[in-house]
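Starting from 1, each residue takes its place in the sequence as its number.
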Amino acid sequence: MDDDQGEANPEAAGMTAGWTIDGAAALRQFGTAPGGLSDADAAARLATAGPNRIEDREERGWPMLLARQFLGPLGLILVFGAIISMALGDWLDAGIILAILFGSGLLGFSQEYRATKAVAALRAQLALRVTVRRGGKEVVVAAETLVPGDVVLLSAGNLVPADGVVLETRDCQVTEAALTGESMPVEKTPGVLPEDTPVAQRSNMLFTGSSLRSGTAAMLVTETGKRTEFGAIARQLRKSEPETEFARGIRHFGTMLLKVMIVIVLAVLAVNQLLGRPVAESLLFAVALAVGLSPEMLPAIISVTLAAGARHLAAGGVIVRRLDAIENLGSMDVLCTDKTGTLTEGVVRLDAAIGWDGSPSAEVDRAAFLNASLETGIANPLDEAITVAGADRKFTVGEVRKVDEIPYDFVRRRLTIVTAEPGAGHRMITKGAFAEVLAICSSLRKGGKDVPLDDKSRAALEDMVREKGTAGFRALAVAERRVRPQAKYRREDETGMTFLGLALFLDPPKRDAAEALRGLRAKGIALKLITGDNR
C-alpha cells in the first residue's frame, strides 16, 4: 500500500466524511448494521483493506539488519585496510582483516535477528484484543482484524483500536493527548458536525491512539491501519531509533581514529616528498602505516563481549534486540518498575470485608458482591476476587435486578450500580477508591443505624485505611443510598450516601522480591515504584 492510499481521507474514496453524517447514515454508507458485520463480510473486507496495523518502521528485513553491522567507522576503517593490503599484495593480511570484520558482523547480526524474531512472537502474544459485534453477537477479536464497518464496544480504560464514528455513548470521556497534544479529556457524543471541523473538535469521532478515560461507547469503524489519523501522523514523524551512549562512543572513537589516520598519511607523504622519495612508494608507505594503527580486533571483541552478555540475559528470560543496548543496561542507576505481578504475585484475593470499626461486616461483603457481579464496565482483578469470594460464601444475586449503572472512570474512581428488589425500591451501591467514595458520603452505618459522618468519624476512617495500607492491603470503600425510582441515573446522583465499610484485598509480595531489592541497592541502583495503588 503506497502513501497516497494510506491517507486518512474518506472523500478520496468517494465517501462522505464520518463526522458530517449521523450514525444511521454512517451504517448505511459502510454497508453494515447496529449488530455489526457477518464473519464472511469481515473476512472479505480484511482481504481488501489489509490488517489494522500501522506499519512498523523496524520491519526492514534481514538485509538492512545485516548491513547495519558494517556501517560504523571502525568497520569502514577495516574495509579500507583490507583494500590497502590487497593493493600491496599482502593477501594474508587482507584475508585476516576481512575474516575478523565479517565474523564480528555476522555474530552481531545473528544475535539481533534472533531477538527480532522473538520480539515479533511476543508482540503476537500481547496483541490488543477488542470486543465487536459480529452477526448480532458480541465477540472478542484481535484488533488487527478490524475492518471498516465493524461495530466496536469500548469502556473506560480501553485503547481505541481504529478511527470511527460514535454510535452511542454513556459518560464517555476520551484522552487524545497522543493525537492533539491536549492533556485534558474530551467528551464524545453522537452527532453531526460541519465538514471543515478540525480533528481536535470532532466530538462525534474516536481516533486510534486515544483511550477512554471514563464511560462506555459503541463505535463504527471508518478507517484502519495507515489510513487512520494517527497513521498519517506516524508516517510524518518517522525517524530512526535514538543512538545509544555506547554506540555513540564507538562512533566518536572511530571518527577520531579516522582523522588521526588522515593526518598521519598527509604528514608522512609530505615528509617523504621533501626527502625526494617516489610518490607512489611514499603513498603506499603512509597508508600502510596509518592502517597499522587500526585496532582490527576491536569490532570482534565488542561483538563477542556483547553477545555473551545477551546470552546471559536470555538465560534469565530477557530478550536483547540490539547488542549495544547491553551497555546502557549495565550503566543503569535508576530502575522504574510497576508493583502488581512484578514485586507481587499478581493474584489478588478478597481478604476481608469490614465495617467502620474494623470488625467483619456481612453487609459490606454482600453489597460489594452485588456491585461486582452486576457491573458491566472494566473487567478487573478486584471485581473478580469479590465474585470468587462471594461464590465461596454461596452468595447469589437472587431476586435483585440491575436498573442502571454509572460506569467507572479515572476521575471519579468509583462505580455505582442501581438495583431493584421486590418491595424495597431502588438502591444505589457504590464501590471505589476510599477518598472518592468518602467524599460523596454524608452518613455512616453504625450498628445497623445511619449516623451523621462528622470530621471525627472521617479522621478515624482515614486512620484505619492508612493502617491497612501500611499492612499491605488495598482498600475499596463501599457505600449505599436508597433512592426514589427514576428513569436514568447520572454521576450527579452520587451524593448523600451512607458509608458502609471497606473491602480489603491482598496481593502478597513474591518470595524473592526482598532479595532482588537488596541486590539492586547493593549495586547502587535506586528503585522507583510506578503504581496506581495506595501511596
**Message:** Glu229 vs Leu179, test: side-chain contact (heavy atoms from CB on, under 4.5 Å). Steps then yes/no.
**Reply:** CA-CA 8 Å; Glu229 295 289 345; Leu179 192 68; 4.2 Å; yes

**Request:** Take Val478 and Val437, measure what side-chain contact (heavy atoms from CB on, under 4.5 Å) needs, and give me the verdict at the end.
**Result:** CA-CA 7 Å; Val478 182; Val437 172; over 6 Å; no

**Request:** Would you check, one step at a time, whether the test side-chain contact (heavy atoms from CB on, under 4.5 Å) holds for Arg427 with Val418?
**Result:** CA-CA 5 Å; Arg427 176 191 183 195; Val418 183; over 6 Å; no

**Message:** Working note: Lys528 + Asp338, criterion salt bridge (Lys or Arg N to Asp or Glu O under 4.0 Å); need CA distance, chi angles, decisive distance, verdict.
**Reply:** CA-CA 9 Å; Lys528 301 295 182 182; Asp338 68 339; over 6 Å; no

**Asked** Does the pair Lys402 and Glu405 meet the rule for a salt bridge (Lys or Arg N to Asp or Glu O under 4.0 Å), with working shown?
**Response** CA-CA 8 Å; Lys402 177 180 173 180; Glu405 176 175 347; 2.4 Å; yes

**Prompt:** Which is it for Glu176 and Lys188 under the salt bridge (Lys or Arg N to Asp or Glu O under 4.0 Å) test, yes or no, and what are the steps along the way?
**Reply:** CA-CA 11 Å; Glu176 295 182 335; Lys188 297 292 183 177; 2.7 Å; yes

**Message:** Before you tell me yes or no, could you show the steps for Thr498 and Ser443 under side-chain hydrogen bond (donor to acceptor under 3.5 Å, both in side chains), namely the whole-Å CA-CA distance, both residues' side-chain angles and the distance that decides it to 0.1 Å?
**Reply:** CA-CA 5 Å; Thr498 300; Ser443 59; 2.7 Å; yes

**Request:** Check the pair Asp150, Arg45 against salt bridge (Lys or Arg N to Asp or Glu O under 4.0 Å), reporting the backbone distance first and the verdict last.
**Result:** CA-CA 10 Å; Asp150 265 327; Arg45 295 188 185 195; over 6 Å; no

**Request:** Under the side-chain contact (heavy atoms from CB on, under 4.5 Å) rule, what do Val151 and Met219 come out as? Steps first, then yes or no, please.
**Result:** CA-CA 6 Å; Val151 176; Met219 175 188 78; over 6 Å; no

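Summarising the geometry of Ser211 relative to Leu159, their closest heavy-atom pair is CB-CD2, 3.9 Å, with the distance given to 0.1 Å. Heavy-atom minimum distance, Ala513 versus Leu343: CB-O, 3.5 Å. Between Glu345 and Lys510, the shortest heavy-atom contact is OE2-CA, 3.5 Å. Considering every non-hydrogen atom in both Phe473 and Leu504, the closest pair reads CD2-CB, 4.1 Å. Gly472 and Leu506 make their closest contact through O-CD1, 3.4 Å (heavy atoms, listed as atom of the first residue, atom of the second, distance). The two atoms that bring Tyr489 and Ile406 nearest to each other are O-CG1, 4.0 Å, heavy atoms only.
In this structure Arg393 satisfies the side chain to side chain donor-acceptor pair (under 3.5 Å) test together with Asp365, sequence neighbours excluded. Every residue two or more places apart in sequence or in another chain that forms a ring pair (Phe, Tyr, Trp, His ring centres under 6.0 Å) with Phe395 is listed here: Phe369. Contacts of Thr396 classified as side chain to side chain donor-acceptor pair (under 3.5 Å), with partners at least two apart in sequence or in another chain: none.
Proximity of Val152 to Leu154: side-chain heavy atoms (C-beta onward) are separated by under 4.5 Å at one or more points. Using a 4.5 Å heavy-atom threshold, the side chains of Asp383 and Glu375 count as touching. Contact annotation: the side chain of Val147 approaches that of Leu37 to within less than 4.5 Å [non-hydrogen atoms, C-beta and beyond]. At least one side-chain heavy atom of Leu502 sits under 4.5 Å from a side-chain heavy atom of Val465. Side-chain contact between Glu480 and Arg445: present, with at least one pair of heavy atoms (C-beta onward) separated by less than 4.5 Å. When side chains are defined from C-beta on, Leu335 counts as touching Leu520, because their heavy atoms get closer than 4.5 Å. Residues Asp493 and Met428 meet the side-chain proximity criterion, which asks for heavy atoms closer than 4.5 Å. Counting heavy atoms from C-beta on, the side chains of Val132 and Val130 come closer than 4.5 Å.
Judged purely by atom type and a 3.5 angstrom limit, Asn52 uses its side chain to pair as donor or acceptor with the backbone of Gly225. A distance-only check finds no donor-acceptor pair linking the side chain of Asp39 to the backbone of Arg134 [under 3.5 Å]. When atom types are taken as modelled, the side chain of Asp404 and the backbone of Ile417 share no donor-acceptor pair closer than 3.5 angstrom. No donor-acceptor distance shorter than 3.5 angstrom exists from the side chain of Thr169 to the backbone of Cys172, with no hydrogens or angles considered. No donor-acceptor pair under 3.5 Å is formed between the side chain of Asn158 and the backbone N or O of Leu212.
Annotation: the span from Leu476 atom CG to Ile386 atom CD1 amounts to 6.0 Å, rounded to 0.5 Å. Considering CH2 of Trp356 and CG of Leu500, their distance stands at 14.0 Å, rounded to 0.5 Å. Rounded to the nearest 0.5 Å, atoms OG (Ser359) and CD1 (Ile354) are 8.0 Å apart. Leu206 CG to Thr228 OG1: the interatomic distance, rounded to the nearest 0.5 Å, is 13.0 Å. Separating the CZ atom in Phe499 from the OG atom in Ser457 is a distance of 10.5 Å, to the nearest 0.5 Å. Here the CG-CG distance, from Asp512 to Leu517, works out to 9.5 Å after rounding to the nearest 0.5 Å.
The neighbour count for Asp463 CG, taken as heavy atoms of other residues, nucleotides or ligands under 6.0 Å away, is above 12. Heavy atoms of other residues, nucleotides or ligands lying less than 6.0 angstrom from CD of Glu515 number 12 at most.
Side chains of Ser155 and Thr216: no donor on one and acceptor on the other come within 3.5 Å. Using a 3.5 Å distance cut-off with no hydrogens or angles, the side chains of Thr344 and Asp507 do pair a donor with an acceptor.
Remark: Arg53 engages Glu144 in a salt bridge, criterion side-chain N to carboxylate O under 4.0 Å.
Of the listed residues (Arg414, Arg413, Lys431, Arg481), just one forms a salt bridge (Lys or Arg N to Asp or Glu O under 4.0 Å) with Glu494, and that residue is Arg414.
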